[in-house]
Visitor: 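There's a structure below that I have some questions on.
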Amino acid sequence: MSVFNRILVASLPFVPKFIVRRVASRYVAGETLDDALRLVGELNRQGAMATLDLLGEEVSERDKAVACADEYVRVLGRIRADGVDSNVSIKPTMLGLKIDEGLCRDAIERIVVAAKENGNFVRIDMEDRTTTDATLRIYKHLQERYGNVGVVLQAYMRRTLADIAAVTVAGANIRICKGIYVEPRDAAWKGYATVRANYLHALEAMIAQGVYAAIATHDEYLVCRAVALLRKHGVPRDRYEFQMLLGVDEPLRRILLAEGHRLRVYVPYGRDWYPYSIRRLRENPEVARHVLRAMLAGQ
Ligand SMILES: Cc1cc2nc3c(=O)[nH]c(=O)nc-3n(C[C@H](O)[C@H](O)[C@H](O)COP(=O)(O)OP(=O)(O)OC[C@H]3O[C@@H](n4cnc5c(N)ncnc54)[C@H](O)[C@@H]3O)c2cc1C
């Protein structure tokens, strides 16, 4: 990233909200479930599957955790009613993990049961390292009971290879991603090349253990190496999928679909779009150009 981009990333919190909204609108489906379902329909027509994510951050009140679970139950009903190809991705801290693990497990169980009734699937996103153990405990417990749950592991975490072995229960389904939180060096690999290397070690371990692999990345090097690994191990098309975030590298998305791979787009929606958008903009290597263009367009 250029020095200018770095300066702009550092000053993003001071960029007016309406500018952030304009630049980041490509990363978010909209504020309502109707907006999100419309976009999922469009993605389905392009040959992609989706996973719907209700935007929001950690909650500290029980009522909010319960309301979030209610919304996901509603989402699962609408996915079925509208006949779109999408599952859901959920964040444990939005479902009360920091209040009480039992409350969170019950909330997620309610979503998993609703998914089961609708013939659907729930992916539990992975957050920062203070949540990893509890998230994996909840995942294992619910996957053993219901069989329609997946989890996420982060290639930057030093513990990930051990976690793959530990969470490989029957029908295990793991999304592998690089990881987005800032973690200390004793917990996380730091170098760009090192994280890539661990990503590939993790993917190979997942394949070796028969885990369904959700390969979440926009890093073309990793995509290239993943395709080679899948071919080398003869992984059938229905035992893996690529995953990408809405609004990021759409050309790569189209290429993978045209090559016959299954691909799922992560579709965030909701009123809490601001923190998510800031995270995506920080990762965008061309953030300065986009922000400046939006500012000029606003004159
Ligand atoms: C479907 C999905 C689900 C995820 N779930 C989680 C999760 O549960 N927990 C977690 O910690 N992390 C999650 N992540 C985020 C992930 O950990 C990475 O932070 C993110 O994917 C960037 O890593 P990358 O592999 O794309 O590689 P990078 O090296 O970051 O990016 C590769 C290339 O992609 C392009 N690119 C990346 N981001 C952008 C952007 N915003 N705008 C424009 N171009 C961009 C750039 O060209 C860049 O060079 C998820 C990612 C995806 C795709």
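Every number for a ligand or one of its atoms is a count from 1 in the order of the listing.
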Visitor: Who's the nearest protein heavy-atom neighbour of atom 42 (N) of ligand 1, and how far?
Guide: Tyr27 OH, 3.1 Å

Visitor: Could you tell me whether some N/O pair between Ala216 and ligand 1 is separated by less than 3.5 angstrom?
Guide: no

Visitor: Would you mind listing which atoms of ligand 1 come within a distance below 4.0 Å of any non-hydrogen atom of Met244?
Guide: 53 (C)

Visitor: Hey, which atoms in ligand 1 end up nearer than 4.0 Å to a heavy atom of Val152?
Guide: 7 (C), 8 (O)

Visitor: Does a side-chain N-to-carboxylate-O contact under 4.0 Å join Lys178 and Glu283?
Guide: no

Visitor: What protein heavy atom is closest to atom 15 (C) of ligand 1, reported as residue, atom name and distance in Å?
Guide: Ile180 CB, 4.3 Å

Visitor: Keeping the roles fixed (side chain from Gln143, backbone from Val169), state whether a donor-acceptor pair exists under 3.5 Å.
Guide: no

Visitor: Take Thr160 and Asp163 through the test side-chain hydrogen bond (donor to acceptor under 3.5 Å, both in side chains) and record every step on the way to the result.
Guide: CA-CA 5 Å; Thr160 283; Asp163 283 340; 5.0 Å; no

Visitor: Give the residue and atom name of whichever protein heavy atom lies nearest to atom 17 (O) of ligand 1, and the separation in Å to one decimal.
Guide: Gly179 N, 2.6 Å

Visitor: Quick check on contacts: which atoms of ligand 1 are under 4.0 angstrom from a heavy atom of Tyr181?
Guide: 11 (O)

Visitor: Would you say atom 24 (P) of ligand 1 has a protein heavy atom nearer than 4.0 Å?
Guide: yes

Visitor: Judged by non-hydrogen atoms, does Arg175 sit under 4.0 Å from ligand 1?
Guide: yes

Visitor: Please state which option from Cys177, Ala214, Pro268 has its nearest heavy atom closest to atom 50 (C) of ligand 1.
Guide: Cys177

Visitor: Evaluating non-hydrogen atoms only, which member of Asp125, Ile215, Leu245 is closest to atom 53 (C) of ligand 1?
Guide: Leu245

Visitor: Atom 1 (C) of ligand 1: which protein heavy atom is closest, and how many Å away?
Guide: Gln243 CB, 3.6 Å

Visitor: Are any of the protein's heavy atoms under 4.0 angstrom from atom 48 (C) of ligand 1, yes or no?
Guide: no

Visitor: Go through the steps to decide whether Asp53 and Ser89 satisfy the test side-chain hydrogen bond (donor to acceptor under 3.5 Å, both in side chains), and finish with yes or no.
Guide: CA-CA 5 Å; Asp53 163 63; Ser89 288; over 6 Å; no

Visitor: Compute both the distance and the angle, then confirm whether Arg123 meets the cation-pi test with Phe121: under 6.0 Å from the six-membered ring centre, within 45 degrees of the axis.
Guide: no

Visitor: Just distances here: any N/O of Thr217 and N/O of ligand 1 closer than 3.5 Å?
Guide: yes

Visitor: I'd like to know whether Tyr212 forms a side-chain hydrogen bond (donor to acceptor under 3.5 Å, both in side chains) with Glu241, so could you lay out the CA-CA distance, the side-chain angles of the two residues, the decisive distance to 0.1 Å, and finally the verdict.
Guide: CA-CA 8 Å; Tyr212 181 97; Glu241 66 191 48; 2.6 Å; yes

Visitor: Would a distance-only check, ignoring hydrogens and angles, find a side-chain to backbone donor-acceptor pair under 3.5 Å from Asp82 to Ile79?
Guide: no

Visitor: Using side-chain contact (heavy atoms from CB on, under 4.5 Å) as the criterion, point out the one residue from Met94, Lys91, Arg74 that pairs with Leu54.
Guide: Met94

Visitor: Does a side-chain N-to-carboxylate-O contact under 4.0 Å join Arg110 and Asp70?
Guide: yes

Visitor: Which is closest to atom 45 (C) of ligand 1 by heavy-atom distance: Asp249, Val248, Val267?
Guide: Val248

Visitor: Protein heavy-atom contact under 4.0 Å for atom 31 (O) of ligand 1?
Guide: no

Visitor: Does ligand 1 come near enough to Arg280 that some N or O of the ligand is less than 3.5 Å from an N or O of the residue?
Guide: yes

Visitor: How far is atom 21 (O) of ligand 1 from its nearest protein heavy atom, and which residue and atom is that?
Guide: His218 CE1, 3.7 Å

Visitor: When only distance counts, is Lys178 in polar contact with ligand 1, meaning an N/O pair under 3.5 Å?
Guide: yes

Visitor: Exactly one of Leu39, Asn44, Leu43 should register a side-chain contact (heavy atoms from CB on, under 4.5 Å) with Val84. Which one does?
Guide: Asn44

Visitor: What protein heavy atom lies closest to atom 29 (O) of ligand 1? Include the residue and the distance to one decimal.
Guide: Tyr192 OH, 2.6 Å

Visitor: Is there a path of hydrophobic side-chain contacts, each under 4.5 Å between heavy atoms of I/L/V/M/F/W/Y residues, joining Leu200 to Leu252?
Guide: yes

Visitor: Do you reckon Met157 sits in the same ILVMFWY cluster as Met126, going by side-chain contacts under 4.5 Å, direct or chained?
Guide: no

Visitor: What's the verdict on salt bridge (charged side-chain N to carboxylate O under 4.0 Å, His left out) for Glu31 and Arg271, showing C-alpha distance, side-chain angles and the deciding distance?
Guide: CA-CA 5 Å; Glu31 292 204 351; Arg271 283 203 292 269; 5.4 Å; no

Visitor: Does Tyr199 have a non-hydrogen atom less than 4.0 Å from ligand 1?
Guide: no

Visitor: Check each heavy atom of Gln154 against ligand 1 and say whether those closer than 4.0 Å belong to the side chain, the backbone, both or neither.
Guide: side chain

Visitor: Tell me which part of Asn284 gets within contact of ligand 1: side chain, backbone, both or neither, using heavy atoms under 4.0 Å.
Guide: both

Visitor: Would Arg262 and Asp238 count as a salt bridge (charged side-chain N to carboxylate O under 4.0 Å, His left out) here? Give the steps.
Guide: CA-CA 8 Å; Arg262 293 160 74 237; Asp238 62 354; over 6 Å; no

Visitor: Starting from atom 7 (C) of ligand 1, find the nearest protein heavy-atom neighbour and note its residue, name and distance.
Guide: Met126 O, 3.6 Å

Visitor: When you measure from atom 19 (O) of ligand 1 to every protein heavy atom, which one gives the shortest distance, and what is it?
Guide: Glu283 OE2, 2.9 Å

Visitor: List the steps, then state whether salt bridge (charged side-chain N to carboxylate O under 4.0 Å, His left out) holds for Arg145 with Glu109.
Guide: CA-CA 10 Å; Arg145 277 189 154 194; Glu109 183 161 11; 3.0 Å; yes

